[in-house]
Amino acid sequence: MVFLLGGLALGGLALGGGGTFWAIVPPNTVRHDKQERFTRGSPAPVVGATVERGDMPMTVEALGTVTPLATVTIRTQISGQLMRVAFEEGQNVDQGNLLAEIDPRPYEVALGQWQGQLLRDEALLDNARIDLARYERLAKQHAIAQQQAGNQRYLVAQYEGALKSDKAQVETAKLNLLYCRITAPVTGRIGLRRVDQGNYIQPTDVNGIAVITQMNPISVIFMLPEDDLPALVKRLHEGHKVKVSAFDSGNAIRLAAGGLEALDNEIDIATGTVKVRAVFGNGGQTLFPNQFVNIHVALNTLRDVAIVPASAIRRSGRDTFVYVVKPDDSVAVRPVQLGPTKAGRTVIERGLAIGDTVVTEGADELHDGAKVTVLKSTAGLLTSSAIYRGVWPDRACSSGYERC
């Protein structure tokens, strides 16, 4: 209950033990109208910004997955005992670096065997050719039957075939000896070892020895809406390099800069998107395979356009407008036609001139013709907290929105 006593309002507040606490509250601090925050009739404090001329990058954002250009599972091409593992897990390797060695002794023996077979067949072929030449002379003299000379020709051809087979076997044995040294097929980072030294390995092993992933350059696969495809294809057909940036999961730190590499050949009818690959230099290895990143694709840049902070835009139904500060410190409602918005900035296609001042904060209580005071901080930036400190400079306020 409230009793009025001597022009003071006495409020009774019942507390937990049935006791009563009395407080004396000055009546002029009770506010029922939001407009009474400010002195009646004084200009409304607002934050303003100047319409500036500038460039507006037109970008499309998407979520992408870092995908290596090459991922190679290192497998043996011959069977044998793994005698040596020559890499450290997680190290960077260059193409051609030795990774592992297989026991070469069985293949050295096989090479010697086939080289001996080759020499034997070469000797047999030489002897058969000599006999063939003698038989052909005798056949011309009718000293032997023609059939005997013909049989000798077939024997020479047989040895020639055996000789080719022997040479192929020798080359195969040499190749197997080369395969005893397993080298890196690509440059990249090698993963964890999947087999230990001393094990018997063979080409049919599923896991292989390790996996090498190419890290630099590296690509990102992402999806773009089909509505953005015409502008993208136009840029590519004009010969322009489409720049692409990769940002972290918070979309705050740029991890790498690259360019668009390729478009898929069809649109996914389920999502209405097309798959795109961008390639990035990754010398610092800030991009890691299967990492999720935010992609910014620079489709175009609008040059010399009017730009205002997006917070200046007001909406009424489908209409958009701004409050423009006139020279007499009053505001006028100005309909505007909007262009793209990016990073808190909006392009104004029609309705404003360069140099106009628009209200960005404090516009909730404004109307056409209202008087305003445009405030600025000492740093030159307009702040909402400065609005309420600047209205009553001779008073200390505990809140930015209530008069003390």
Side-chain donor or acceptor of [X] paired with backbone N/O of [Y] under 3.5 Å:
{"X": "Asp103", "Y": "Gly80", "result": "no"}
{"X": "Thr360", "Y": "Val47", "result": "yes"}
{"X": "Asn127", "Y": "Leu124", "result": "no"}
{"X": "Thr73", "Y": "Val211", "result": "no"}
{"X": "Gln95", "Y": "Pro185", "result": "yes"}
{"X": "Asp368", "Y": "Val333", "result": "yes"}
{"X": "Asp55", "Y": "Asp304", "result": "yes"}
{"X": "Gln141", "Y": "Leu138", "result": "no"}
{"X": "Arg350", "Y": "Gln337", "result": "no"}
{"X": "Asp166", "Y": "Val170", "result": "no"}

Is the closest basic N to carboxylate O distance between [X] and [Y] below 4.0 Å?
{"X": "Arg334", "Y": "Asp356", "result": "yes"}
{"X": "Arg181", "Y": "Glu101", "result": "yes"}
{"X": "Lys371", "Y": "Asp329", "result": "no"}
{"X": "Glu266", "Y": "Lys275", "result": "no"}
{"X": "Arg193", "Y": "Asp196", "result": "yes"}
{"X": "Glu160", "Y": "Arg129", "result": "yes"}

Once you round to the nearest 0.5 Å, how far does [atom1] of [X] lie from [atom2] of [Y]?
{"X": "Lys243", "Y": "Leu260", "atom1": "NZ", "atom2": "CG", "value": "13.5 Å"}
{"X": "Thr67", "Y": "Phe222", "atom1": "OG1", "atom2": "CZ", "value": "11.0 Å"}
{"X": "Gln77", "Y": "Cys180", "atom1": "CD", "atom2": "SG", "value": "11.0 Å"}
{"X": "Trp114", "Y": "Ser165", "atom1": "CH2", "atom2": "OG", "value": "6.0 Å"}
{"X": "Asn300", "Y": "Met56", "atom1": "CG", "atom2": "CE", "value": "12.5 Å"}
{"X": "Ile102", "Y": "Tyr200", "atom1": "CD1", "atom2": "OH", "value": "9.0 Å"}

Are [X] and [Y] close enough that some pair of their side-chain heavy atoms sits under 4.5 Å apart?
{"X": "Glu61", "Y": "Asn294", "result": "no"}
{"X": "Leu302", "Y": "Met58", "result": "yes"}
{"X": "Asp228", "Y": "Leu232", "result": "no"}
{"X": "Leu98", "Y": "Arg84", "result": "yes"}
{"X": "Gln117", "Y": "Gln169", "result": "no"}
{"X": "His296", "Y": "Asn251", "result": "yes"}
{"X": "Ile209", "Y": "Arg194", "result": "no"}
{"X": "Ile313", "Y": "Leu338", "result": "yes"}

Between [X] and [Y], which heavy-atom pair has the shortest distance, and what is it?
{"X": "Ala44", "Y": "Leu366", "result": "CB-CD2, 4.0 Å"}
{"X": "Phe87", "Y": "Leu99", "result": "CD2-O, 3.3 Å"}
{"X": "Leu287", "Y": "Asn282", "result": "O-ND2, 2.9 Å"}
{"X": "Thr76", "Y": "Ile78", "result": "OG1-O, 2.5 Å"}
{"X": "Val336", "Y": "Thr320", "result": "O-OG1, 2.8 Å"}
{"X": "Ile267", "Y": "Gly272", "result": "CG2-C, 4.0 Å"}

Inset, instruction - Report the C-alpha distance between Met223 and Val274 in whole Å, list the side-chain angles of each, state the deciding distance to 0.1 Å, and finish with yes or no for side-chain contact (heavy atoms from CB on, under 4.5 Å). - result: CA-CA 5 Å; Met223 310 293 286; Val274 62; over 6 Å; no
Legend entry - No-hydrogen, no-angle side-chain donor-acceptor test under 3.5 Å, Thr271 and Thr273: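 Yes.
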Inset, instruction - For Arg277 and Ser219, test the side chains for any donor-to-acceptor distance below 3.5 angstrom and give the result as yes or no. - result: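 Yes, side-chain donor-acceptor contact under 3.5 Å.
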Inset, instruction - Please step through side-chain contact (heavy atoms from CB on, under 4.5 Å) for the pair Val195 and Asp205, ending with a clear verdict. - result: CA-CA 10 Å; Val195 64; Asp205 293 340; over 6 Å; no
Would you say [atom1] of [X] has more than 12 non-hydrogen atoms from neighbouring residues, nucleotides or ligands within 6.0 angstrom?
{"X": "Glu238", "atom1": "CD", "value": "yes"}
{"X": "Asn290", "atom1": "CG", "value": "no"}
{"X": "Arg134", "atom1": "CZ", "value": "yes"}
{"X": "Phe292", "atom1": "CZ", "value": "no"}
{"X": "Gln91", "atom1": "CD", "value": "yes"}

Legend entry - Stepwise side-chain contact (heavy atoms from CB on, under 4.5 Å) test for Val322 and Leu352: CA-CA 9 Å; Val322 297; Leu352 292 177; 3.9 Å; yes
Inset, instruction - For Arg153 and Asp131, run salt bridge (charged side-chain N to carboxylate O under 4.0 Å, His left out): C-alpha distance rounded to whole Å, both residues' side-chain angles, the deciding distance at 0.1 Å, then the answer. - result: CA-CA 9 Å; Arg153 279 192 291 270; Asp131 289 343; over 6 Å; no
Inset, instruction - Would you check, one step at a time, whether the test side-chain contact (heavy atoms from CB on, under 4.5 Å) holds for Val220 with Phe280? - result: CA-CA 8 Å; Val220 174; Phe280 299 85; 3.5 Å; yes
